[in-house]
Q: 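This is the structure, below, for whatever I ask next.
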Amino acid sequence: PVVDETFRWLERGMPAITFAHGKITADTDQPVTVRHPSMPYVAVIIDTGRVEPVSPQMLEDSKVLAYVTGNAMYLMQRPGKLEVYDFSKAATDKSFVIDAQFYRAAARVTSRLLYPLSLFIIFFLFVAWKAAATLVYSLLAVLINALANGSLNYGSLVNIALYAQTLVIALQAIFLFMPARPPLFPIIATTITGVYIWLAVKTNQQQTQTAAG
């Protein structure tokens, strides 16, 4: 919804811009300030009639992140510091128009790519997150193994720590579809995982003793 709203804002608020021969022109000669309706700090001034340089103070006074002139775009990096993109360095004989039709097409393409790309990125973030969690829980497993006088090696304890997170992962997946998470969930997750590790270590110890007897 936020992405859709942003493209609708661009479609309605941005003037039609034509890029050609290293310069841009707009369908209006007057400076236009375009500000996001729900994120007022996201704003840009379109002033294609201007060719003079823009200062950081001008952007700060206008409370905008970018200032577009006829020959360059000035992007605020941090207070007092601008990144300047000179359009003449991208000069081409072909013209390119950015208008409402362009934003509608961009919105369609983005909506088709956003979910597959998000799933791809989230999958690897999930793997990295759980790998780190497994490392932490394996240290807990070493402590539990020592307290229970277990005989498991570290590799076995890592496997137990990995499988011990199954219930917690299932609960996290369920809570994704709920408006709020239960309070103190990290403590609950650690307790659940620790109990699983303790039971696994004790069960393995009992089986080892039975086999030895």
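Quick caveat, the model's predicted, so the values are computed rather than measured.
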Q: Strictly by ring pair (Phe, Tyr, Trp, His ring centres under 6.0 Å), give each pair with a member in residues 131-160 just once, sequence neighbours left out.
A: none
Q: Could you go through the side-chain contact (heavy atoms from CB on, under 4.5 Å) check for Ile17 and Ile46 one step at a time?
A: CA-CA 9 Å; Ile17 295 175; Ile46 308 295; 4.3 Å; yes
Q: I'd like to check Lys63 versus Tyr41 (side-chain heavy atoms, cut-off strictly below 4.5 Å). Are they in contact?
A: no
Q: How about Leu152 and Val201: do any of their side-chain heavy atoms sit closer than 4.5 Å?
A: yes
Q: Transitively linked via ILVMFWY side-chain contacts under 4.5 Å: Leu135 with Leu140?
A: yes
Q: Side chains of Ser151 and Gln205: donor-acceptor distance under 3.5 Å anywhere?
A: no
Q: For residues 166-207, which residue pairs pass the ring pair (Phe, Tyr, Trp, His ring centres under 6.0 Å) check, not counting sequence neighbours?
A: Phe175-Phe185
Q: Given the rule in the side-chain contact (heavy atoms from CB on, under 4.5 Å) test, do Thr48 and Thr69 qualify, once you have shown the distances and angles that lead to the verdict?
A: CA-CA 4 Å; Thr48 57; Thr69 66; over 6 Å; no
Q: Anything under 3.5 Å between a donor and an acceptor, one on a side chain of residues 164-174, the other on a protein residue two or more places apart or in another chain? List them.
A:
from: Gln165; atom 1: NE2; to: Thr134; atom 2: OG1; distance (Å): 2.8
from: Gln165; atom 1: NE2; to: Ala161; atom 2: O; distance (Å): 3.2
from: Thr166; atom 1: OG1; to: Tyr163; atom 2: O; distance (Å): 2.7
from: Gln172; atom 1: OE1; to: Lys130; atom 2: NZ; distance (Å): 3.3

Q: Decide side-chain contact (heavy atoms from CB on, under 4.5 Å) for Val44 and Leu65; before the verdict, give the C-alpha distance in whole Å, the side-chain angles of both, and the deciding distance to 0.1 Å.
A: CA-CA 6 Å; Val44 58; Leu65 294 179; over 6 Å; no
Q: Can you name the closest pair of heavy atoms from Ala200 and Ile160 and give their distance?
A: CB-CG2, 3.7 Å
Q: Compare all side-chain heavy atoms of Asp27 with those of Pro15 and state whether any distance is below 4.5 angstrom.
A: yes
Q: Between Tyr67 and Met73, does a side-chain contact (heavy atoms from CB on, under 4.5 Å) hold up when you go through it step by step?
A: CA-CA 6 Å; Tyr67 197 118; Met73 180 176 70; over 6 Å; no
Q: Applying side chain to side chain donor-acceptor pair (under 3.5 Å), which residue pairs with at least one partner in residues 182-195 are found, sequence neighbours left out?
A: none
Q: So which pairs with a foot in residues 75-87 pass salt bridge (Lys or Arg N to Asp or Glu O under 4.0 Å), sequence neighbours left out?
A: none
Q: Going by the rule side chain to side chain contact (heavy atoms under 4.5 Å, CB included), which residues pair with Gln57 if we only count those two or more places apart in sequence or in a different chain?
A: Ser55, Glu60, Asp61
Q: Taking side chain to side chain contact (heavy atoms under 4.5 Å, CB included) as the definition, give me every residue that meets it alongside Ser62, ordered by chain and number, with sequence neighbours left out.
A: Ile45, Val64
Q: Please answer whether the main-chain N or O of Pro40 pairs with a side-chain N or O of Arg35 as donor and acceptor at a distance below 3.5 Å.
A: yes
Q: Which atom pair, heavy atoms only, marks the closest approach of Phe7 to Ala106?
A: CE2-CB, 3.6 Å
Q: Sort and list the pairs that fulfil salt bridge (Lys or Arg N to Asp or Glu O under 4.0 Å) and have at least one residue in residues 148-166, not counting sequence neighbours.
A: none
Q: In residues 95-103, what donor-acceptor pairs under 3.5 Å come from side-chain atoms, sequence neighbours left out?
A:
from: Asp99; atom 1: OD1; to: Gln101; atom 2: N; distance (Å): 3.3
from: Asp99; atom 1: OD1; to: Phe102; atom 2: N; distance (Å): 3.1

Q: Mind checking side-chain hydrogen bond (donor to acceptor under 3.5 Å, both in side chains) for Arg104 and listing every partner two or more places apart, or none if nothing turns up?
A: Glu11
Q: If we only count heavy atoms from C-beta on, is the Pro31 to Arg50 side-chain gap below 4.5 Å?
A: no
Q: Could I get the full list of ring-ring contact (aromatic ring centres under 6.0 Å, His included) partners for Trp9, not counting sequence neighbours?
A: His36
Q: Do Val68 and Tyr85 sit in one hydrophobic cluster, given that two such residues count as connected whenever their side-chain heavy atoms are within less than 4.5 Å of each other, even indirectly?
A: yes
Q: State yes or no: do Ile192 and Leu162 share one hydrophobic cluster built from I, L, V, M, F, W and Y residues joined by side-chain heavy-atom distances below 4.5 Å, directly or via other members?
A: no
Q: Quick one: closest heavy-atom pair of Lys202 and Ala148, and the distance?
A: CD-CB, 3.9 Å
Q: Measure the shortest side-chain to side-chain distance between Gln77 and Leu82 over non-hydrogen atoms and say whether it is less than 4.5 angstrom.
A: no
Q: Quick check: is Leu75 connected to Val42 through a chain of hydrophobic side chains (ILVMFWY, heavy atoms under 4.5 Å apart)?
A: yes
Q: Looking only at heavy atoms, which two atoms of Ala72 and Tyr74 are closest? And how far apart?
A: CB-CE1, 3.9 Å
Q: In Å and rounded to the nearest 0.5 Å, what is the CG to CG distance from Asn145 to Asn153?
A: 9.0 Å
Q: For residues 111-126, please give each side-chain donor-acceptor pair under 3.5 Å, one per line with the distance, not counting sequence neighbours.
A:
from: Ser111; atom 1: OG; to: Ala107; atom 2: O; distance (Å): 3.3
from: Ser111; atom 1: OG; to: Arg108; atom 2: O; distance (Å): 2.7
from: Ser118; atom 1: OG; to: Leu114; atom 2: O; distance (Å): 2.7

Q: Between Ser156 and Asn159, do the side chains contain a donor N or O and an acceptor N or O under 3.5 Å apart?
A: no
Q: Mind listing the closest non-hydrogen atom pair of Ile144 and Ile197 along with its distance?
A: CD1-CG2, 3.8 Å
